[in-house]
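Each remark here refers to the structure printed beneath this line.
Read the numbers this way: they start at 1 and go in the same order the structure lists the ligands and their atoms. One-based numbering along the sequence shown. Bear in mind the structure is a predicted one, so any value in this text is a computation, not a measurement.
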Amino acid sequence: MKKVFFTVGPSQNYKSVQKHLLKAVNEDVLSISHRGDFFHQLFLENVALLKKLLNIPQDFHVFFISSGTEGMEISINNLVLENSLHLITGAFGEKFFNIAKDLGKKPVKISAEFGKGLDEDKLKEIDLSKIELLCVTQNDTSSGIVFPMDKIYDLKRKNKNLLIAVDFVSGVPFGDLEYKYLDNVFFSVQKGFGLPAGLGVLVISDKALKKSQKLLDLGKDIGSYHNLPTLYSYSLKSETPETPNVLAIFLLNGVLKDMGKYGIQRLRKETIKKADILYGFLDKSKILSPLVNEKSLRSKTTIVAKIKGNSLDLISFCRKRGIILGSGYGENKQKQVRIGNFPAHTLLQVKTLIKILSEFA
Ligand SMILES: *Cc1c(COP(=O)(O)O)cnc(C)c1O
């Protein structure tokens, strides 16, 4: 039986991935040079397709990297001399903070209780004029908390020099960001794009690029082949500094075209509909309940549910019926389940999942 992956990443493949994979094998994509015309064309097309699908302003730069985690490292290395501020709503925000510490910076953080929103009053205690980079997780996959981005745009309007980095890994392409308020948005493709892992995307404002160049000019360590000035200079040739994951870039091209044709608004509407059905079920279930109480903070793409009993029993029950669920994150592994709700998941699959979940109790 072919399984359906409701895991939060890697997850179910978008329906056309198999077709594009075959095409890649048949059309020599696995052997072509990353310095030739075919690749240049692919690179250019992907940048244009990403800008169109995600509504990224034309003056932003798009670079290809290897993962979401690398996006965190590049953000800190290139945009922070000392002071980053991290708004933490789960384990991925914490990871971002720890990377800043590992890189020898002096990050500060404001943390929310797990599964709750951030106490905004705590922001008032921080002198934002001293902060170089504000780091936020748009959708924290560990807690299922979505960050109210309007608050971030507000902060940017009031602090024009503050650079803002957004971890968009499990929110893309459902989330609709206002890039003009942002400077560094990164994501990988194995979650919402329904692709195999091994490719990340970095969206960079001109201001951020200039800051990294300034740090470089000052003789600071901003990393090597994947620092922003180097990524930028290669992007002018529609290339990456290293031999990239050409296959993943090719598969992304196919899925971007397919999603574009299908319509991003349609994908978003369907995501909301599926999420509403899933939360509706959880709100009524006797054994499962949403971790996040505040409805406006509930992620539509990564849904976290508490469970009475051990989640591994439910996960194995579902597995026997062809459905793969995610366990809770970290110490919540056996207390919670996580359900990915991405464009690759059909309404019918969601209904089947709910049917199986209701048979469990
Ligand atoms: C998965 C995830 C990451 C890590 O991405 P990788 O591509 O695995 O490095 C970072 N942030 C969030 C919110 C994620 O869900």
Knowing that exactly one of I323, I287, L325 qualifies, which makes a side chain to side chain contact (heavy atoms under 4.5 Å, CB included) with L357?
L325

Quick one: are P290 and I303 in side-chain contact, heavy atoms under 4.5 Å?
no

Does ligand 1 come near enough to K191 that some N or O of the ligand is less than 3.5 Å from an N or O of the residue?
yes

Is E70 close to ligand 1, meaning an N/O of one under 3.5 Å from an N/O of the other?
no

For D167, take its heavy atoms, then give the atoms of ligand 1 lying under 4.0 Å from any of them.
10 (C), 11 (N), 12 (C), 13 (C)

Answer with yes or no whether the side chains of N227 and S212 bring together a donor and an acceptor at under 3.5 Å.
no

Does K335 count as lying over the ring of F114, i.e. NZ or CZ under 6.0 Å from the six-ring centre, within 45 degrees of the axis?
no

Counting heavy atoms only, which part of V169 comes closer than 4.0 Å to ligand 1: side chain, backbone, both or neither?
side chain

Under 4.0 Å from a heavy atom of T141: give me the atoms of ligand 1 that qualify, with their elements.
12 (C), 13 (C), 14 (C), 15 (O)

Mind checking whether F43 and F64 have ring centres under 6.0 Å apart?
yes

Cation-aromatic face contact K109/F97, 6.0 Å, 45 degrees
yes

Cation-pi check for F317 against R321: NZ or CZ below 6.0 Å from the six-membered ring centre and within 45 degrees of the axis, yes or no?
yes

Mind checking whether T137 has an N or O less than 3.5 Å away from an N or O of ligand 1?
no

Considering only heavy atoms of G68, which atoms of ligand 1 have at least one such atom less than 4.0 Å away?
5 (O), 6 (P), 7 (O), 9 (O)

Counting non-hydrogen protein atoms only, what is the nearest one to atom 4 (C) of ligand 1? Give residue, atom name and distance.
T69 OG1, 3.7 Å

Under 4.0 Å from a heavy atom of M72: which atoms of ligand 1 are those, numbered in the order shown and with their elements?
10 (C), 11 (N)

Please check whether N139 reaches ligand 1 - meaning an N/O of the residue sits under 3.5 Å from an N/O of the ligand, judged on distance alone.
no

Near S188 (heavy-atom distance under 4.0 Å), the atoms of ligand 1 are 5 (O), 6 (P), 7 (O)

Starting from atom 8 (O) of ligand 1, what is the nearest protein heavy atom, named by residue and atom, and what distance separates them?
Q190 NE2, 3.4 Å

Quick one: is the NZ or CZ of K237 closer than 6.0 Å to the six-membered ring centre of Y234, and within 45° of its axis?
yes

